[in-house]
Amino acid sequence: MAKKKPEGYLSARESRRISRENRKVTNALEKQRKRKNVPEAEYLTEMKDPNNAVEFDNLHSYFFTDVGTVKAVDGVTFEVPIGKTVGVVGESGCGKSVTSLSLMQLLQRPQGQVVEGAIRLNLGDKAYDIAKTPQEQMQHLRGNYISMIFQEPMTSLNPVFRIGAQINEVIQLHDGGGKTREEIKARTIELLEMVGIANSEGVYKMFPHELSGGMRQRVMIAMALACNPKVIIADEPTTALDVTIQAQVLDLLRNLKDKINSSIMFITHDLGVIAEMADYVVVMYAGRIVEKGTAEEIFAHPAHPYTIGLMASKPVVGKQVDKLYSIPGKVPNPVNMPDYCYFKDRCEMCVAGCEGDYPCEVSLSPTHKVSCYRYYDKKEGE
């Protein structure tokens with residue numbers, strides 16, 4: 001009698017077939033992306049609203065692996081208005097970081113690719129579609145217009161170079177036209193002081209391992225702000241820090257955002273940080289946006305069962321509970337997503353119709369939108 005194969009098992013032949021098909025797709029995408037001397041007209045676009053710094057429009061970012069295609073970001077649409085902070089929340093693996101890496105064009109290629117949709121970046125006098133922008137052009141956009149504060153500073157800083165040399169390099173590469181070495185060094189010292197490092201001259205000569213986690217994080221922020229970018233992506237910048245340093249880093253980001261009038265896309269698990277920092281909130285689950293709105297709407301009137309679950313699982317000061325709430329079940333397999341609502345199998349608020357197709361977006365107010373069958377009776381004209 002033949003042995004039954006365990007669920008999720010792939011034979012070597014099947015894995016080879018998937019790899020072959022994936023290579024065809026990724027080779028075609030890579031060929032398109034690596035072209036030289038691409039005319040600007042190909043990636044020029046128009047912002048839907050000129051008051052937005054970035055517009056994600058039906059973004060699909062996939063990873064082509066040997067076990068199948070992982071739809072890490074599966075049709076994400078939201079905006080980052082100029083001068084505002086947009087908080088992106090959701091549990092690990094929901095696609096928050098992949099969305100931001102798609103904007104920076106830093107997905108791990110050739111496996112990771114933006115396969116569909118547009119990312120419109122407002123440069124002031126014109127707008128680029130990042131999904132179509134060639135590699136050589138991205139070099140001028142990163143640092144000057146968009147920059148990123150990475151999650152773990154120790155892995156983002158080079159351990160064999162001094163702090164000063166690493167920040168100098170950023171200024172030299174993106175903003176160093178006609179500047180002398182002394183001017184670049186003075187700008188680096190100024191940036192270190194701006195992020196609250198008292199001993200800036202000393203830190204300039206140090207290696208990353210000689211600094212504490214909070215200091216390294218400040219250096220990363222200084223590096224990200226070196227060229228006064230229009231959009232700052234902060235990917236969980238306070239995860240590894242203690243609470244007092246966390247508060248200082250958040251204050252610092254808030255003040256610097258106002259100083260250089262930039263927009264922040266703030267990615268975190270921490271709802272407390274989002275409540276303090278964000279003007280708008282985007283809640284992601286399994287590669288899709290389940291709810292978005294102003295911070296006030298999301299915190300005062302959470303609509304999606306997942307958002308309600310996230311709020312309930314947060315400890316409240318002064319409230320005694322025997323056990324913290326946790327959302328039951330687990331996230332569906334990203335290689336084989338269901339064709340109904342991704343949250344249905346974990347949802348404690350199911351209604352009639354939940355077994356249908358993935359729910360479309362329903363507007364609860366001009367800014368508050370949710371994808372859930374519970375609000376279908378509120379759809380206009382129905």
Side-chain angles (χ1 to χ4, degrees), residues 55-62 70-80 85-100 102 116-117 236 265-271 273-275 278-314 325-334 336-379:
E55 292 172 350
F56 292 91
D57 190 355
N58 193 30
L59 176 68
H60 291 73
S61 295
Y62 296 171
V70 176
K71 296 179 178 179
V73 174
D74 193 16
V76 160
T77 302
F78 70 97
E79 301 80 36
V80 181
T85 300
V86 174
V88 184
V89 285
E91 60 198 296
S92 293
C94 71
K96 306 185 298 292
S97 293
V98 175
T99 305
S100 64
S102 301
E116 195 187 324
E236 301 198 26
M265 184 176 156
F266 202 98
I267 296 166
T268 183
H269 293 112
D270 194 331
L271 291 166
V273 168
I274 287 292
D279 301 297
Y280 297 93
V281 180
V282 171
V283 183
M284 283 187 77
Y285 180 75
R288 291 204 179 184
I289 290 174
V290 292
E291 187 172 359
K292 59 186 175 186
T294 64
E296 196 179 331
E297 285 168 336
I298 300 288
F299 282 93
H301 312 287
H304 197 280
Y306 178 62
T307 315
I308 295 165
L310 281 182
M311 301 285 184
S313 59
K314 186 179 68 172
Y325 174 79
S326 67
I327 300 169
K330 57 183 182 185
V331 183
N333 180 354
N336 185 22
M337 282 299 202
D339 51 6
Y340 49 84
C341 172
Y342 295 168
F343 193 63
K344 178 179 173 282
D345 297 334
R346 302 177 71 184
C347 187
E348 297 174 308
M349 302 179 183
C350 279
V351 293
C354 279
E355 57 286 334
D357 293 340
Y358 192 90
C360 64
E361 205 170 65
V362 181
S363 291
L364 305 180
S365 80
T367 50
H368 195 180
K369 294 175 169 46
V370 62
S371 300
C372 182
Y373 278 107
R374 290 165 66 228
Y375 299 92
Y376 265 40
D377 54 343
K378 294 187 181 159
K379 276 166 89 174

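Note: hydrogens, waters and symmetry copies are ignored here, and every other heavy atom, side chains too, is used.
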> Can you name the nearest heavy-atom pair linking S61 to V98, along with the distance?
Replying inline: CB-CG1, 3.9 Å
>> Assess the residue pair H301 and L364 against the criterion (side chain to side chain contact (heavy atoms under 4.5 Å, CB included)); give the C-alpha distance rounded to whole Å, side-chain angles, the decisive distance to 0.1 Å, and a yes or no.
In response: CA-CA 10 Å; H301 312 287; L364 305 180; over 6 Å; no
>> Testing the 3.5 Å rule here: is there a donor-acceptor pair between the side chains of E291 and Y306?
In response: no
> Between G90 and K96, what is the shortest heavy-atom contact and its length?
Replying inline: O-NZ, 2.9 Å
> If you measure only the distance, is there a donor-acceptor pair under 3.5 Å linking the side chains of Y358 and D74?
Replying inline: no
> For the side chain of N58 and the backbone of G117, is there at least one donor-acceptor N/O pair under 3.5 Å apart?
Replying inline: no
>> Nearest 0.5 angstrom please: C354 SG to K344 NZ, how far?
In response: 7.5 Å
>> Counting C-beta onward and ignoring hydrogens, is there a side-chain heavy-atom pair between V331 and Y285 closer than 4.5 Å?
In response: yes
> Looking at CZ of R288 and OG1 of T77, how far apart are the two atoms once the value is rounded to the nearest 0.5 Å?
Replying inline: 10.5 Å
> Does a side-chain heavy-atom distance below 4.5 Å link M337 with K71?
Replying inline: no
>> Ring-plane angle category for F78 and F56, please: parallel below 30°, perpendicular beyond 60°, tilted otherwise.
In response: parallel
> If you look at every heavy atom in A303 and R374, which pair is closest and at what distance?
Replying inline: O-NH1, 2.9 Å
> CD of E91 to CG of L310: how many Å apart, nearest 0.5 Å?
Replying inline: 7.0 Å
>> Distance check, rounded to the nearest 0.5 Å: K292 atom NZ versus S371 atom OG?
In response: 8.0 Å
> Are the side chains of C341 and P359 in touch, meaning some heavy atoms are under 4.5 Å apart?
Replying inline: yes
>> To check you understand the geometry: which heavy-atom pair defines the closest contact between L59 and S102, and what is its length?
In response: CD2-CB, 4.1 Å
>> Using the rule given for side chain to side chain contact (heavy atoms under 4.5 Å, CB included), can you reason through I274 versus F299, listing the C-alpha separation, both sets of side-chain angles and the distance that settles it, and then say yes or no?
In response: CA-CA 10 Å; I274 287 292; F299 282 93; 3.8 Å; yes
> Which atom names give the shortest non-hydrogen contact between C372 and P305, and what distance separates them?
Replying inline: SG-CD, 3.8 Å
> Can you say whether the rings of Y376 and Y373 are parallel (under 30°), tilted (30 to 60°) or perpendicular (over 60°)?
Replying inline: tilted
> Can you tell if the side chain of V76 reaches within under 4.5 Å of the side chain of M284, non-hydrogen atoms only?
Replying inline: yes
>> Can you confirm whether I298 sits close enough to M311 that some side-chain heavy atom of one is under 4.5 Å from a side-chain heavy atom of the other?
In response: yes
>> Run the side chain to side chain contact (heavy atoms under 4.5 Å, CB included) test on Y340 and D345 for me, step by step, so that the C-alpha distance in whole Å, both residues' side-chain angles and the decisive distance to 0.1 Å come before the verdict.
In response: CA-CA 10 Å; Y340 49 84; D345 297 334; 2.9 Å; yes
> Which atoms form the tightest heavy-atom contact between P328 and E348, and what is the distance?
Replying inline: CG-OE2, 3.9 Å
>> Between H269 and S92, do the side chains contain a donor N or O and an acceptor N or O under 3.5 Å apart?
In response: yes
>> Are T99 and M265 packed together at the side-chain level, in the sense that at least one heavy-atom pair is separated by less than 4.5 angstrom?
In response: yes
> Got a second to check how far E296's CD is from H368's NE2, nearest 0.5 Å?
Replying inline: 11.5 Å
>> So, taking the atom named NZ in K369 and the one named OH in Y375, what distance separates them when rounded to the nearest 0.5 Å?
In response: 15.0 Å
